[in-house]
Number of protein chains: 2
Amino acid sequence: MLERLRDAGLRPTRQRLALARLLFGGGNRHVTAEQLHAEARREEIPVSLATIYNTLNQFRKAGLLREVVVDSGRSWFDTNLENHHHFFHEATGALTDFEAEGLAVEGVPRAPAGTEIDRVEVIVRLRDAG
Amino acid sequence: MLERLRDAGLRPTRQRLALARLLFGGGNRHVTAEQLHAEARREEIPVSLATIYNTLNQFRKAGLLREVVVDSGRSWFDTNLENHHHFFHEATGALTDFEAEGLAVEGVPRAPAGTEIDRVEVIVRLRDAG
DNA sequence: CCAATAAATTAGAACGAATCTAAACTGTTG
DNA sequence: CAACAGTTTAGATTCGTTCTAATTTATTGG
């Protein structure tokens, strides 16, 4: 973990190490800042909300996290850096990955002049079955 | 316009009529609440920001507008109800439609148990060419 | 190992988008 | 046209996020 932070050009401070362990210690996950803060408090990691925000943004800039926007009003951060897409269940706010493997997006028009395609994002919005 | 509001079950008040004209009077468009408010002020339509928000949400619920989330922090509303997708230019915040016709998304996995697919949204994120 | 320095963390203030409140106003109905 | 439900409003409030300035911590060079 220490290595990972150093490689990203980030000083391995107590807070960053602890948060990195929470984020990258298990499998892939999605968190909001508030969620991660609550989790840190539960684990008795002394860290302020400001640092949670700083750290999430630094990790994102360093390419350790991806930001997912599905929900106006808050940001999700995703530890899964593989090529993949998302289910978003509007009713519950649950966000789930699905692999890009098997999914094909064909016929994307060319980017407007002066721009190029950065990323094609697919969001599958779910509702309760009825 | 009056008809359209009545059909949607919304009383055709001064404000709603004026905003409907701004939104639906020309071609398709995208607006944020603040943008629409600024535009209304310019046209000397007396309308509060609260009413802008109320109206946009009522129009959305009535199916006259679609909400587009590309940008954490604010909501866009789109008058284009046809099946289509979006370019989003991160650098400028510009949002543009492209027709779904010609675009195929294949291999979308089945929805998790208890849910069904509401909508498959494709967002093509753009960066400056270079 | 320690002092100096630069970087990181912090509490709390501040911000912007959006919603809420309760009072005033307006469209509709009978 | 009176009564009433629905609408609009200014301003307060909420929420997520960023900023600020002071404190603390990691790194480095001696």
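Side-chain atoms are counted along with the backbone in the values below, which use heavy atoms only and exclude waters and symmetry mates. Lettering of chains follows the sequences in order, A, B, ..., and the numbering in each one begins at 1.
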Undergrad: Which atom names give the shortest non-hydrogen contact between Arg66(A) and Glu82(A), and what distance separates them?
TA: NH1-O, 3.4 Å

Undergrad: Of all the nucleotides listed (dT17(D), dT10(C), dA18(C)), which has the minimum atom distance to the side chain of Arg74(B)?
TA: dA18(C)

Undergrad: Could you tell me how far apart Ile45(A) (CD1) and dA8(C) (C1') are, to the nearest whole angstrom?
TA: 17 Å

Undergrad: How many Å lie between OH on Tyr53(B) and P on dA18(C), as a whole number?
TA: 4 Å

Undergrad: Which part of the nucleic acid, if any, lies within reach of Thr32(A) when heavy atoms closer than 4.0 Å are counted: base, sugar-phosphate only, or nothing?
TA: nothing

Undergrad: Please state how far atom CG in Asn54(B) lies from atom C1' in dC20(C), giving the value in whole angstrom units.
TA: 10 Å

Undergrad: Over all strands shown, is Thr51(B) touching base, sugar-phosphate only, or nothing at heavy-atom distances under 4.0 angstrom?
TA: base

Undergrad: Please determine whether a side-chain nitrogen or oxygen atom of Gln15(A) lies at a distance below 4.0 Å from atom OP1 or OP2 of dT10(C).
TA: yes

Undergrad: So, is Thr13(A) near the phosphate of dT9(C), with a side-chain N or O under 4.0 Å from OP1 or OP2?
TA: yes

Undergrad: Using the side-chain contact (heavy atoms from CB on, under 4.5 Å) rule, take Thr79(B) and Phe59(B) through it: C-alpha gap first, then chi angles, then the decisive distance, then the call.
TA: CA-CA 10 Å; Thr79(B) 62; Phe59(B) 284 11; over 6 Å; no

Undergrad: Starting from P on dT17(D), measure out to CD on Glu34(A) and report it in whole angstrom.
TA: 7 Å

Undergrad: Report yes or no: do Trp76(B) and Ile123(B) belong to one cluster of Ile/Leu/Val/Met/Phe/Trp/Tyr joined by side chain heavy-atom distances under 4.5 Å?
TA: yes

Undergrad: Hey, which sits more toward the 5' end of DNA chain D by its nearest nucleotide, Leu10(B) or Ser72(B)?
TA: Leu10(B)

Undergrad: Atom CG of Asn57(A) to atom C1' of dA8(C): distance rounded to whole Å?
TA: 15 Å

Undergrad: What is the distance from CZ of Arg11(A) to P of dA6(C), rounded to the nearest Å?
TA: 10 Å

Undergrad: Hydrogens and angles aside, do Asp78(A) and His84(A) bring a side-chain donor and acceptor to less than 3.5 Å of each other?
TA: yes

Undergrad: Between Arg14(A) (CZ) and dT10(C) (C1'), how many Å, whole number?
TA: 15 Å

Undergrad: Mind calculating the distance between CG (Leu49(A)) and P (dG16(D)) to the nearest angstrom?
TA: 10 Å

Undergrad: Name the closest nucleotide to the Ala50(A) side chain, picking from dT10(C), dA18(C), dT27(D).
TA: dT10(C)

Undergrad: Need to verify one output field. Residue with the more 5' nearest nucleotide on DNA chain C, Gly73(B) or Pro46(A)?
TA: Pro46(A)

Undergrad: Looking at Phe24(B), does the NZ or CZ of Arg4(B) lie under 6.0 angstrom from its six-membered ring centre and within 45 degrees of the ring axis?
TA: yes

Undergrad: Whether Arg6(B) contacts dT28(C) is assessed here as follows: a side-chain N or O lying under 4.0 Å from the phosphate OP1 or OP2. Is that the case?
TA: yes

